[in-house]
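One structure below.
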Amino acid sequence: MPEHHRPLAARLLLIATLVFMARPVRADVDFDRDIRPILSDACFACHGPDETERQADLRLDTRDGLFRQQDGVSVVAAGKPGESELLRRLLSADPDEQMPPPDFGLKLKPAQIELLREWIADGAKWQQHWAFVAPQRPGQPTVSQPDWVQNPIDAFVLARLDRERLKPSPAADRRTLIRRVTLDLTGLPPTPEEVDAFLADKSPNAFETVVDRLLRSRRHAERMAIRWLDAARYADTSGYQSDGPRDMWRWRDWVLEAFLQNKPFDEFTIEQLAGDLLPNATLDQKIATGFNRNHRGNAEGGVVPEEFQVEYVVDRVDTTFTVWQGLTMGCCRCHNHKYDPLSQREYYQLFSYFNNIPEYGRAIKEGNSRPYIEAPPPPQQESLNKLKRLLASDQQQVADVDLRMPELVAAWRKSVKGEPEDWTDIDGLIVRLTLDGSLENSATEEQRAAQRSATTVPEPN
Ligand code: HEC
Ligand code: HEC
């Protein structure tokens, strides 16, 4: 029978069976993985961190709130689904009691309610959100083939294969291996010469040699830097309207160099956030702070500059928090966060750090908007230094000549034969150099009279 001719009931049964089969095999209900997302999605809007929206003075985002007992009513009674008000509210047929309230427009699915029931029945183990728990190094798992394990990570790989009842694949041949590791670490295939060198290297640590070479390579640094550049919203254009050009590539190169030098993460962080505030900050440390100028710049003539000056600060807060905390903070710009333990107050505390840059909200259409520093790369800086030294020495020569000028002029005067009798350094003097080297004032009587009445420059002595 073709699929579309099946009776509806049979099709529904088929769908139900498929849904049932598709449900993942689960070990225990895990609060972090299974329960918190449901509460966050359906309940935190009214029972979460935002006290201005909180209903029934009930928090379901904290342990105290979830296990609250009040007037003989337990929100969650561990091990006792039947005595848990939370579950009663989810199962209630009375619209005045149902949670979430029907007008909220979101209903829990039966499978979600069942998960909550299971969790309570299993003892309602609560966990702090994993993102706020410092990671701990787990012990190495025991595995089926300890000989296969060459380093601790292998043990985790094999433990997982064991769980799935799978055997490790045989080791790849050397050509495949160098191709994979080169693609992994640089994003590019190996050259034929690199393959040949690896095939010819019979030493026991030939593979380590390849890995070390790749880790030191510029290509590897580029591959690592790309992710950071994306996260840090790097662009050599301003992003609005015609997307005019600006120069951020000096900062890009700083990131690349940081990966190349394997700069420790704390320095990498400090220099980008506040390199200019370090004592005796170097040009590189100042360039690092370009991180904070990667935001877009609006050059539209009609914008309210103050509005966009605020937008840029918001951009810095959001990007800094997302990139370094792995948590988006943007929601509490306008109200306490609905799902994460972040307040609007904390948002503006962070905001204030970034709100002290003397910038103007309307960006310029082409080029970098103020404030900025000049950051010539080393070869340009060298040429600049050379030109500055040249200029300084030329200026010194001019100054020297200036000092000796009276003496030089006097000597020159003596050197010319037949000094004209009517010598003034003003316009109108008409001097003729005769063939025998003498000078002759060929001005007319009228012109001479005009010269005499004009201010004469004092004779140098
Ligand atoms: C749109 C807002 C809203 C949402 C969403 C919401 N609630 Fe409520 N909740 C209320 C209000 C209002 C009350 C107080 C009135 C009442 O008791 O019915 C309440 C009361 C409760 C109570 C009773 C507290 C007590 O003092 O005994 C529980 C338990 C509860 N909610 C659980 C939940 C759970 C679980 C969810 C998510 C599945 C949820 N609520 C989602 C608004 C909400
Ligand atoms: C630019 C300001 C702004 C940002 C950013 C913002 N919100 Fe809101 N949000 C509001 C305003 C204003 C309201 C209140 C609307 C109303 O009164 O109906 C609101 C209401 C809500 C509500 C409904 C709460 C209730 O009591 O009904 C939820 C949920 C919410 N926001 C979640 C979020 C989340 C999640 C984010 C981040 C992804 C976010 N908001 C970012 C301005 C913002």
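Remember, it's 1-based here, ligands and their atoms both numbered in the order they're listed. Note that these values count all heavy atoms, side chains included, but never hydrogens, waters or copies made by symmetry. Count residues from 1 along the sequence.
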Identify all pairs of nitrogen or oxygen atoms, one from ligand 1 and one from the protein, separated by less than 3.5 Å, and list them with distances.
residue: ligand 1; atom: 7 (N); partner: His47; partner atom: NE2; Å: 2.8
residue: ligand 1; atom: 9 (N); partner: His47; partner atom: NE2; Å: 2.9
residue: ligand 1; atom: 17 (O); partner: Arg89; partner atom: NH1; Å: 3.4
residue: ligand 1; atom: 17 (O); partner: Arg89; partner atom: NH2; Å: 2.7
residue: ligand 1; atom: 18 (O); partner: Arg89; partner atom: NH1; Å: 2.8
residue: ligand 1; atom: 26 (O); partner: Arg68; partner atom: NH2; Å: 2.9
residue: ligand 1; atom: 31 (N); partner: His47; partner atom: NE2; Å: 3.0
residue: ligand 1; atom: 40 (N); partner: His47; partner atom: NE2; Å: 2.9

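The pair Glu359-Arg293 meets the salt-bridge criterion, since a charged nitrogen lies less than 4.0 angstrom from a carboxylate oxygen. The pair Lys386-Glu382 does not count as a salt bridge, with every side-chain nitrogen at least 4.0 angstrom from each carboxylate oxygen. Of the charged side-chain nitrogens involved, none lies within less than 4.0 Å of a carboxylate oxygen, so that Glu366 and Arg246 do not count as a salt-bridged pair.
Between Trp228 and Trp324, the ring centre distance stays below 6.0 Å. Annotation: Phe308 is in aromatic contact with Tyr240 [ring centroid separation under 6.0 Å].
Counting only N and O atoms by type, the side chains of Asp318 and Thr322 include no donor and acceptor under 3.5 Å apart.
The only option from Tyr234, Trp249, Phe268 that meets the ring pair (Phe, Tyr, Trp, His ring centres under 6.0 Å) definition with Trp254 turns out to be Phe268.
Atom CZ of Phe104 has more than 12 neighbouring heavy atoms from other residues, nucleotides or ligands inside a 6.0 Å radius.
The backbone N or O of Ile178 lies less than 3.5 Å from a partner atom in the side chain of Thr182, making a donor-acceptor pair.
If you look at atom 8 (Fe) of ligand 2, the protein N, O or S atoms less than 2.8 Å from it are His335 NE2.
A cation-pi geometry, defined here as NZ or CZ lying under 6.0 Å from the six-membered ring centre and within 45° of its normal, holds between Arg233 and Phe291.
Those atoms of ligand 2 with a heavy atom of Gly330 less than 4.0 angstrom away are 5 (C).
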